[in-house]
Amino acid sequence: MSARLTRSKDLTTMGAASLATVVALLLGLLARPSECARAFFVFGDSLVDNGNNNYLMTTARADSPPYGIDFPTHRATGRFSNGEHLGAEPTLPYLSPELRGQKLLVGANFASAGVGILNDTGIQFVDILRMSRQLRYFGEYQRRLRALVGAARARQLVRRSLTLITLGGNDFVNNYYLVPFSLRSRQFALPDYVRYLVSEYKKILIRLYAMGCRRVLVTGTGPLGCAPAILAQRSRNGECAAELMRAASLFNPLLARALEGLNRRYGAGTFVAANAFRVHFDFVSDPAAYGFATAKDACCGQGPHNGLGLCTPASSLCADRARYVFWDPYHPTERANRIIVSQFMRGSLDYVSPMNLSTILEMDARLGA
């Protein structure tokens with residue numbers, strides 16, 4: 001959500017493992033500027049968009065206060081977050097004019113707030129980087145990279161990279177359950193829609209493999225019915241909205257099975273399943289265990305659960321962002337993101353499968369990958 005949005009039910013619910021911080025934390029480990037650096041590529045929606053939409057004629061932007069309030073500069077950057085973890089050299093938005101020369105070696109972020117697996121998801125945002133366009137830009141990036149370092153080194157850089165992709169939440173919130181009506185909900189019963197989504201998601205993942213990606217972290221959706229925006233609109237007693245929880249409960253296991261099938265086809269560990277639902281539901285079911293005061297109310301917003309409308313300078317803003325799971329009606333706080341990333345880096349198979357990212361990085365280092 002952002003100060004420029006014109007609808008209250010707009011981007012995505014807390015449907016993936018990360019936002020700006022997941023990118024920055026991973027880069028702190030992976031993107032040291034050297035000839036042997038491991039590049040990092042990011043695809044998906046607002047949970048990982050770090051500023052591409054700033055360069056587009058769209059309402060789906062986070063370039064106005066109070067976004068970025070806890071950044072070192074206290075200025076909004078286009079990340080849908082209150083703050084960020086500063087690590088090594090960042091992966092820049094692909095549309096940034098600063099992404100040129102040696103900075104191409106670090107990787108690129110192609111994500112765009114409002115997008116989904118399907119091209120008709122988020123149509124109200126008009127000019128966003130739908131997945132077909134993100135993949136087209138990835139091909140363009142590789143051509144630029146080849147021109148910079150030659151074909152052999154460019155190919156090696158992409159094959160050694162880590163890729164993060166976060167999709168799915170918007171296909172429910174900003175498509176199937178979009179009010180006042182949704183063409184997709186008339187076309188499909190929910191189980192059939194979920195099967196269709198996963199089949200289309202597989203096509204995207206296969207395309208990434210064909211383009212050279214060999215380590216791809218894939219997030220499912222979180223507990224879609226538990227975001228403050230959904231609680232404000234669909235819950236009478238503060239309980240997570242049942243219909244959206246059912247959507248997540250159908251989507252995530254089917255996606256996990258699809259990733260298992262892809263790994264049998266392309267090799268174990270090519271696609272890493274991140275259990276976003278489990279991580280987020282830990283917060284939702286027992287926020288105090290993680291040092292949070294609430295998982296039902298957003299830090300920035302208005303109305304019930306601070307879940308209505310936009311996060312703007314006129315919104316009710318909490319004093320201590322570290323006590324909240326949600327920054328705005330849809331997106332996690334910086335602190336929540338740090339905990340999420342730590343589970344994907346070092347957590348058990350309950351959180352990431354077939355192995356966590358630390359294990360993958362160590363294994364790749366031993367193999368010289």
Side-chain angles (χ1 to χ4, degrees), residues 1 5 7-19 43-49 60 80 111-125 128 130-131 165-205 218-235 239-258 273-281 284 298 305 307 326 328-332:
M1 306 295 297
L5 292 175
R7 299 171 61 110
S8 62
K9 185 180 177 183
D10 272 321
L11 295 180
T12 183
T13 62
M14 193 169 81
S18 57
L19 188 62
F43 300 87
D45 57 29
S46 64
L47 289 161
V48 286
D49 179 0
F80 289 78
S112 179
V115 305
I117 297 165
L118 305 181
N119 279 335
D120 58 295
T121 292
I123 58 174
Q124 66 269 38
F125 303 125
I128 53 179
R130 306 187 191 284
M131 284 311 303
I165 183 166
T166 269
L167 290 169
N170 279 323
D171 293 288
F172 294 104
V173 174
N174 280 308
N175 196 327
Y176 194 82
Y177 289 106
L178 189 66
V179 293
F181 67 90
S182 162
L183 293 177
R184 290 295 188 182
S185 65
R186 297 179 180 184
Q187 180 184 10
F188 292 104
L190 181 60
D192 296 328
Y193 181 66
V194 168
R195 283 190 287 271
Y196 176 56
L197 282 182
V198 172
S199 69
E200 293 300 302
Y201 205 166
K202 282 179 62 178
K203 293 176 185 177
I204 294 169
L205 298 175
V218 183
T219 68
T221 70
L224 296 172
C226 301
I230 303 303
L231 296 182
Q233 296 165 17
R234 293 178 176 266
S235 175
E239 297 299 317
C240 301
E243 65 270 31
L244 282 151
M245 296 300 281
R246 178 172 177 247
S249 71
L250 292 172
F251 178 81
N252 290 318
L254 193 59
L255 177 61
R257 289 196 293 273
N275 191 340
F277 188 99
R278 172 66 185 271
V279 179
H280 291 177
F281 201 71
V284 171
H305 304 289
F326 284 93
D328 67 11
Y330 294 92
H331 301 97

Quiz item: With under 30° as parallel and over 60° as perpendicular, where do the rings of Y196 and Y193 fit, or are they tilted in between?
Solution: tilted
Exercise. Enter the distance from H331:NE2 to L47:CG here, rounded to the nearest 0.5 Å.
Key: 5.0 Å
Self-check item: Least distance between heavy atoms, A258 atom then V198 atom
Solution: CB-CG1, 3.7 Å
Quiz item: So which pairs with a foot in residues 195-205 pass salt bridge (charged side-chain N to carboxylate O under 4.0 Å, His left out), sequence neighbours left out?
Solution: D192-R195, E200-K203
Exercise. Name all pairs fulfilling the salt bridge (charged side-chain N to carboxylate O under 4.0 Å, His left out) condition that reach into residues 180-189, sequence neighbours left out, sorted by first residue then second.
Key: D120-R184
Practice problem: Considering non-hydrogen atoms only, spot the tightest contact between F251 and G220 and give its length. | Solution: CE2-CA, 4.4 Å
Quiz item: Taking Y176 for the side chain and V194 for the main chain, is one N or O donor matched with an acceptor at less than 3.5 Å?
Solution: no
Practice problem: For F172 and L197, work out which heavy atoms get closest and say how close. | Solution: CZ-CD1, 3.6 Å
Exercise. Please round to the nearest 0.5 Å and tell me the distance separating atom CZ of F281 and atom SG of C240.
Key: 6.0 Å
Practice problem: Return the set of residues passing ring pair (Phe, Tyr, Trp, His ring centres under 6.0 Å) with Y201 (not counting sequence neighbours), or none when no residue passes. | Solution: none
Quiz item: Would you say the side-chain atoms of S182 pair up with the backbone N or O of N175, donor to acceptor, closer than 3.5 Å?
Solution: yes
Exercise. Quick one: closest heavy-atom pair of A248 and P253, and the distance?
Key: O-CD, 4.1 Å
Quiz prompt | Atom pair CZ/CE of R234 and M245 - distance to nearest 0.5 Å | solution = 13.5 Å
Practice problem: Starting from the C-alpha separation in whole Å, work towards a yes-or-no answer on side-chain contact (heavy atoms from CB on, under 4.5 Å) for L205 and I165. | Solution: CA-CA 9 Å; L205 298 175; I165 183 166; 4.0 Å; yes
Practice problem: Taking all heavy atoms of P329 and all of G307, pick out the closest pair and write down the distance. | Solution: CB-O, 3.8 Å
Quiz item: For the residue pair G168 and T221, what are the closest heavy atoms and their distance?
Solution: C-CG2, 3.8 Å
Quiz prompt | More than 12 heavy atoms of other groups within 6.0 Å of I123 CD1 | solution = no
Exercise. Using side chain to side chain donor-acceptor pair (under 3.5 Å) as the criterion, point out the one residue from N174, D171, N170 that pairs with T121.
Key: D171
